[in-house]
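The block underneath contains the structure these notes are about, expressed in structure tokens.
Each ligand, and each atom within it, is numbered from 1 in the order the structure gives.
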Amino acid sequence: MLVRFVASSRLPTEWGDFLMHGFEDPASNKEHVVLTMGDFDNGEPVLSRIHSECLTGDALFSLRCDCGNQLRTALQAIAEEGRGALFYLRQEGRGIGLLNKIKAYRLQDAGADTVEANERLGFGADMRDYSLLGPMFAHLGITSVDLMTNNPRKVMALSDLGIEVRQRLPIETSSNPHNEKYLRTKGAKLGHMFRAD
Ligand SMILES: Nc1nc2c(ncn2[C@@H]2O[C@H](COP(=O)(O)OP(=O)(O)OP(=O)(O)O)[C@@H](O)[C@H]2O)c(=O)[nH]1
């Protein structure tokens, strides 16, 4: 069964008032949310971010990745524009889940990079599936986006779903000693268009 819309409510945040739309995915038993601001009726491209859940970076202030920083940067950019959408997909750890990500971090502490760690656990480098976005875009009436990402796979995934990506907007965040290797590996092995500080 396809991902389906369940309910919306107001979500005031430190950047402004968003609408929060909840979706359920019966196949994976996952719940996803989209935060929107403004009106999409005129068909103009919508400033958008497709963000993959990162409990450690988004909620626990981790410096091992750039996720929390990107989340805040995206919400701020949407609020400044007064119009946009943030898709928050519950695909933790590039789709391997939180506990496997902790195991992957352990392997990284022992010298593996983020891709090698996934592989040693028996996973591909990136297990995320973006097809679930189709019904979410349809429900919100968004057909064209300006996408905040450094990840070319997301641009291709949206094109495959028939969503026009008018432009890719880089989402640069600063590096620190804890995430330098991770950011380098994303550039070298996962095709991210990352420019280190
Ligand atoms: N398996 C694994 N997942 C990680 C690791 N560090 C961060 N993540 C997850 O990676 C996801 C974010 O992916 P990124 O590759 O950082 O960025 P992206 O979303 O592909 O691309 P951008 O749009 O440019 O941010 C989140 O689900 C994080 O939980 C790691 O070392 N191992």
Side-chain angles (χ1 to χ4, degrees), residues 25 28 30-35 46-78 84-133 145-160 163 165 167-197:
D25 181 357
S28 64
K30 288 266 166 74
E31 298 168 330
H32 308 278
V33 295
V34 187
L35 301 190
V46 175
L47 179 63
S48 298
R49 163 93 185 139
I50 296 171
H51 193 84
S52 302
E53 177 177 19
C54 180
L55 184 86
T56 45
D58 298 341
L60 300 179
F61 317 105
S62 169
L63 295 176
R64 291 193 76 135
C65 59
D66 53 348
C67 300
N69 225 316
Q70 290 183 315
L71 179 60
R72 288 187 291 276
T73 301
L75 287 173
Q76 186 172 348
I78 291 169
L86 181 126
F87 295 76
Y88 193 93
L89 303 183
R90 311 291 298 283
Q91 306 197 113
E92 170 63 69
R94 294 199 303 276
I96 68 174
L98 177 62
L99 301 186
N100 283 319
K101 187 174 81 173
I102 296 173
K103 292 180 189 168
Y105 277 165
R106 219 180 137 82
L107 291 169
Q108 289 171 64
D109 288 343
D113 69 31
T114 183
V115 169
E116 291 162 350
N118 263 32
E119 285 165 356
R120 278 188 214 164
L121 292 169
F123 298 109
D126 191 342
M127 305 292 287
R128 286 172 289 183
D129 171 13
Y130 296 108
S131 64
L132 78 169
L133 284 165
V145 295
D146 288 339
L147 191 65
M148 291 180 271
T149 186
N150 304 323
N151 185 347
R153 283 188 193 198
K154 291 184 182 172
V155 177
M156 282 186 284
L158 287 192
S159 303
D160 288 348
I163 306 294
V165 181
Q167 55 177 332
R168 181 188 72 83
L169 303 170
I171 181 157
E172 298 280 348
T173 59
S174 51
S175 60
N176 67 61
H178 306 282
N179 70 14
E180 257 165 22
K181 180 176 177 188
Y182 172 68
L183 297 177
R184 262 203 317 276
T185 305
K186 287 209 298 185
K189 291 194 171 176
L190 294 170
H192 283 238
M193 289 164 270
F194 173 72
R195 184 162 43 80
D197 282 353

CD/Glu119: more than 12 non-hydrogen atoms of other groups inside 6.0 Å: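 Atom CD in Glu119 is packed in, count exceeds 12.
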Over all atoms of both residues, closest heavy-atom pair of Ala125 and Leu190: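 Looking at all heavy atoms of both residues, the closest pair is CB-CD2, 3.8 Å.
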Within the protein, residues bringing a heavy atom under 4.0 Å of ligand 1, chain by chain: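 Ligand 1 pocket, heavy atoms under 4.0 Å: Arg49, Ser52, Glu53, Cys54, Asp66, Cys67, Gln70, Gln91, Glu92, Gly93, Arg94, Ile96, Lys101, Tyr105, Gln108, Thr114, Asn118, Arg128, Thr149, Asn150, Asn151, Lys154, Tyr182, Lys186, His192.
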Pairs meeting criterion salt bridge (Lys or Arg N to Asp or Glu O under 4.0 Å) with involvement of residues 96-115, two or more places apart: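 Salt bridge (Lys or Arg N to Asp or Glu O under 4.0 Å) check on residues 96-115 returns Arg64-Asp109, Glu92-Lys101, Asp113-Lys189.
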No-hydrogen, no-angle side-chain donor-acceptor test under 3.5 Å, Asp160 and Tyr130: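 Short answer, no.
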Residues Ser175 and Arg184: side-chain donor-acceptor under 3.5 angstrom: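 Short answer, no.
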Exam field: side chain Asp146 to backbone Leu47, donor-acceptor pair closer than 3.5 Å: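 The answer is no, because no donor-acceptor pair under 3.5 Å joins these two groups.
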